[in-house]
Amino acid sequence: MAASRRFRPAYLVVLALALPPIVRIAQWVNRPAPRTLTTESIAAGRELFNHNWTPKDKLASGDGLGPVFNARSCVECHSQGGGGGGGPVDKNVTVYGISSGTKPATEGIPLIGVVHFKATEPKYQDLLSHVAGGLPGQPRIELTSLVDRSFRAPSGVSITQRNTPALFGDGQLDAIPEDVLHAEQRRNSTAARIVGMSRAKDPNVRGRVARLPDGRLGRFGWKAEFATLNEFVKAACANELGLSNPGRPQATPLAYRSYKEPGADLTDLQCQQMTDFISSLEAPTQALPSDKNEAARVHEGEQTFARIGCADCHTPDMGPIKGFYSNLLLHDMGADLASSTGYYGEAPAAPPSSPGGTPIPVASEWKTPPLWGVADSAPYLHDGRASTLDEAILAHGGEAKGVVANYRGLKPAEQADVVAFLKTLKAPAVKNPIQTAAK
Ligand code: HEC
Ligand code: HEC
């Protein structure tokens with residue numbers, strides 16, 4: 001009896017490693033087939049991405065820009081290192097969350113959403129005070145006072161920000177088969193640990209796929225809340241610019257819940273063109289220094305990055321993508337980095353968990369951001385609180401605590417090598433010139 005019992009864990013391990021791929025083939029098949037991009041579609045998408053939208057815009061069929069919006073064009077935020085890049089802190093988006101049981105200041109507003117910077121008319125302007133009593137009558141709080149906690153939201157309410165990430169290479173991210181994400185999760189599972197096949201060196205590093213309420217896996221956004229590039233584009237149109245579309249209604253002003261939009265602003269085709277344009281953006285590349293000594297330092301830095309456990313989460317290759325430096329899994333990053341889940345805007349908030357699925361990201365969980373292009377996407381972390389790479393690394397908590405302790409334990413020259421390596425991960429050389437003057 002004792003002998004057969006000893007075999008049991010091994011069976012479980014085999015099952016845990018072998019079953020999931022079979023079960024998930026159906027979900028994999030559900031992903032849309034990759035599109036063939038045409039020059040016309042990319043050019044049309046570029047124009048829409050760079051366009052400065054106005055109320056009743058000639059390119060829109062509804063009310064055009066707004067009534068509430070964060071910027072007048074996509075490129076106003078996505079601008080660093082060329083159109084499609086990351087954005088500075090002053091373009092950060094303010095995200096609120098109200099826990100169930102707390103009464104919002106305005107009846108009928110979603111429990112998670114965005115407080116928009118701007119409005120087409122003063123009566124539509126979103127203010128924090130519309131979210132909850134005790135919040136100021138302004139649309140945003142300075143990031144520094146959110147981070148150093150000199151500003152405190154009333155209990156049951158969270159006010160945080162999101163920094164604009166770069167979109168270079170997002171077409172490749174869109175095309176990664178779901179099975180690759182599941183395989184990453186399995187590599188950090190207890191089963192993999194038992195048989196000594198765990199990817200993560202540090203036992204605290206786990207990570208899980210971001211399963212959406214409909215069962216698909218999330219991969220776009222800081223919390224991996226969206227499964228496909230096209231869906232994120234539609235949400236961005238609706239949320240950032242107030243351009244409603246067949247995928248998503250535009251944001252309704254917090255202050256003016258009775259606002260009725262005259263119809264969708266954009267067509268499915270226009271959203272697809274923007275998606276095609278983003279998919280056409282070249283992926284970031286590694287630019288190695290020509291100086292031999294410098295190149296040797298970078299090589300050292302890359303080795304150290306892997307040795308101390310950074311690559312546990314920032315895995316260099318992800319299925320077909322080389323030099324990506326992310327596992328696309330959600331990791332608990334500790335209380336200091338916590339923020340409510342919401343970037344859903346006006347769409348119905350996801351239930352806290354889907355039957356049989358994993359719960360949507362909790363406050364302290366973030367998707368490992370790909371580090372490709374990181375040299376050109378400062379400031380860092382989900383709200384841009386870190387202005388240097390070193391600061392970003394030292395801010396890691398939660399599951400990354402042990403790995404960051406390893407980093408702190410390095411000699412200053414070794415730390416500098418890691419940073420030198422990260423600085424070779426550049427935005428692509430082929431750029432989308434910014435055609436419209438960002439305001
Ligand atoms: C006000 C600034 C701002 C504007 C304008 C803006 N974005 Fe973004 N964008 C963001 C922020 C912030 C995020 C991250 C949101 C999150 O994950 O919570 C983001 C994320 C994205 C992502 C997901 C990227 C990834 O790899 O995860 C896509 C795609 C995107 N934006 C496309 C667009 C498009 C298309 C437009 C124009 C319709 C646009 N954005 C306009 C700020 C902006
Ligand atoms: C447990 C998984 C994990 C480990 C280990 C880890 N990271 Fe991260 N890393 C993350 C997550 C998740 C974020 C995003 C956190 C946020 O935005 O609040 C991040 C963010 C970053 C950023 C900022 C990227 C950006 O675009 O803003 C850099 C740089 C970085 N990590 C480098 C490192 C280095 C170097 C190490 C090793 C010392 C390391 N990480 C170890 C998960 C990890």
Side-chain angles (χ1 to χ4, degrees), residues 45 48-49 53 69-78 84 86-87 91-93 95 114 116-117 161-170 173-174 200 202 204-207 219-226 229-241 243 266 271 274-275 277-278 301 304-305 308-314 325-327 329-334 336-339 342-343 364-371 373-374 377-386 389-396 398-404 406-408 410 415 418-419 421-422 425:
L48 296 166
F49 191 88
W53 296 85
F69 58 98
N70 281 325
R72 287 172 205 280
S73 71
C74 306
V75 79
E76 190 177 324
C77 295
H78 292 280
K91 299 289 177 200
N92 271 7
V93 172
V95 173
V114 168
H116 297 85
F117 296 164
Q161 291 184 9
R162 295 288 190 279
N163 185 242
T164 313
L167 311 177
F168 303 124
D170 267 2
L173 202 169
D174 205 22
D202 187 308
N204 295 317
V205 173
R206 312 191 72 83
R219 59 184 77 192
F220 290 99
W222 286 101
K223 283 192 185 273
E225 289 161 296
F226 288 82
L229 184 56
N230 187 248
E231 283 162 286
F232 205 113
V233 166
K234 288 175 168 170
C237 291
N239 249 325
E240 310 297 2
L241 307 177
L243 299 173
L266 302 179
C271 298
M274 275 190 255
T275 309
F277 162 65
I278 295 172
T304 308
F305 179 87
I308 65 173
C310 306
D312 285 6
C313 301
H314 298 281
Y325 299 100
S326 168
N327 56 8
L329 299 182
L330 295 174
H331 292 275
D332 186 325
M333 297 303 283
D336 280 350
L337 288 176
S339 154
Y343 209 72
S364 55
E365 279 183 315
W366 299 98
K367 174 190 84 183
T368 308
L371 296 182
V374 81
S377 67
Y380 303 113
L381 301 176
H382 65 271
D383 54 9
R385 67 178 65 186
L389 290 163
D390 191 58
E391 271 172 55
I393 297 166
L394 295 174
H396 284 51
E399 289 176 33
K401 252 199 180 126
V403 174
V404 171
N406 296 343
Y407 179 79
R408 284 181 198 276
L410 296 174
Q415 290 183 349
V418 172
V419 171
F421 155 63
L422 294 175
L425 307 177

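Order of appearance sets the numbers: ligands from 1, and atoms from 1 within every ligand. These numbers come from the heavy atoms of this one structure, side chains and all, not from hydrogens, waters or symmetry mates. None of these values were measured; they are calculated from a predicted model.
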note = Under 4.0 Å between heavy atoms, the region of His331 that gets near ligand 2 turns out to be side chain

message = When you compare the side chains of Asn70 and Glu240, does any donor N or O come within less than 3.5 Å of an acceptor on the partner?
response = yes

message = I'd like to check which ligand 1 atoms, numbered from 1 as shown, lie under 4.0 Å from a non-hydrogen atom of Lys91.
response = 1 (C), 2 (C)

query = Are any of the N/O atoms in Asn163 less than 3.5 Å from those in ligand 1?
reply = no

key: Close aromatic pair by centroid cut-off 6.0 Å: Phe220 and Phe226   = no

message = Taking Lys91 first and then Glu76, would you say they form a salt bridge - that is, a charged N and a carboxylate O separated by under 4.0 Å?
response = yes

request  = Give a yes/no on ligand 2: does Glu365 have at least one heavy atom closer than 4.0 angstrom to it?
outcome  = no

task = Give the residue, atom name and distance (to 0.1 Å) of the protein heavy atom nearest atom 29 (C) of ligand 2.
result = Leu389 CD2, 3.7 Å

ask   = Which of the atoms in ligand 1, numbered in the order shown and given with their element, are less than 4.0 Å from a heavy-atom of Gly221?
value = 17 (O), 25 (C), 27 (O)

query = Who passes side chain to side chain contact (heavy atoms under 4.5 Å, CB included) against Asn406, sequence neighbours left out?
reply = Ile308

message = Checking Lys234 now: which residues fulfil salt bridge (charged side-chain N to carboxylate O under 4.0 Å, His left out) with it, not counting sequence neighbours?
response = Asp268

query = What atoms of ligand 1 come closer than 4.0 angstrom to any heavy atom of Leu229?
reply = 29 (C)

key: Nearest-0.5 Å distance, NZ of residue Lys401 to CG of residue Asp332   = 9.5 Å

query = Which option, Pro165, Cys77, Gly169, owns the non-hydrogen atom nearest atom 14 (C) of ligand 1?
reply = Pro165

query = Which of the listed options, Met274, His78, Arg162, holds the heavy atom that is closest to atom 7 (N) of ligand 1?
reply = His78

inquiry  = Taking a cutoff of less than 4.0 Å between a non-hydrogen atom of the residue and any ligand atom, is Asp312 in contact with ligand 2?
reply    = no

Contact check, Ser73 vs ligand 1, heavy-atom distance below 4.0 Å = yes

query = Of the protein's non-hydrogen atoms, which lies at the shortest distance from atom 15 (C) of ligand 2, and what is that distance?
reply = Leu381 CD2, 3.9 Å

key: Closest protein heavy atom to atom 16 (C) of ligand 2, given as residue, atom name and distance to 0.1 Å   = His382 ND1, 3.5 Å

query = For atom 8 (Fe) of ligand 2, which protein N/O/S atoms are closer than 2.8 Å?
reply = His314 NE2, His396 NE2

query = Non-hydrogen atoms of Gly87 versus ligand 1: any pair closer than 4.0 Å?
reply = no

note = Quick look: Cys74 vs ligand 1, heavy-atom contacts under 4.0 Å, and the answer is both

inquiry  = Tell me every residue that passes side chain to side chain contact (heavy atoms under 4.5 Å, CB included) with Thr368, counting only those two or more places apart in sequence or in another chain.
reply    = Cys313, His314, Ser326, Asn327, His331

task = Give the ring-plane orientation class for Trp222 versus His382, where under 30° counts as parallel, over 60° as perpendicular and anything between as tilted.
result = perpendicular

request  = Decide whether an N or O pair under 3.5 Å exists between Pro370 and ligand 2.
outcome  = no

query = Quick one: does Asp202's side chain have a donor or acceptor within less than 3.5 Å of a partner on Ala400's backbone?
reply = no

query = Touching ligand 1 at all, Glu76? Heavy atoms, strictly under 4.0 Å?
reply = no

task = May I ask you to identify, for Phe232, whether its side chain, its backbone, both or neither come under 4.0 Å of ligand 1 on a heavy-atom basis?
result = side chain

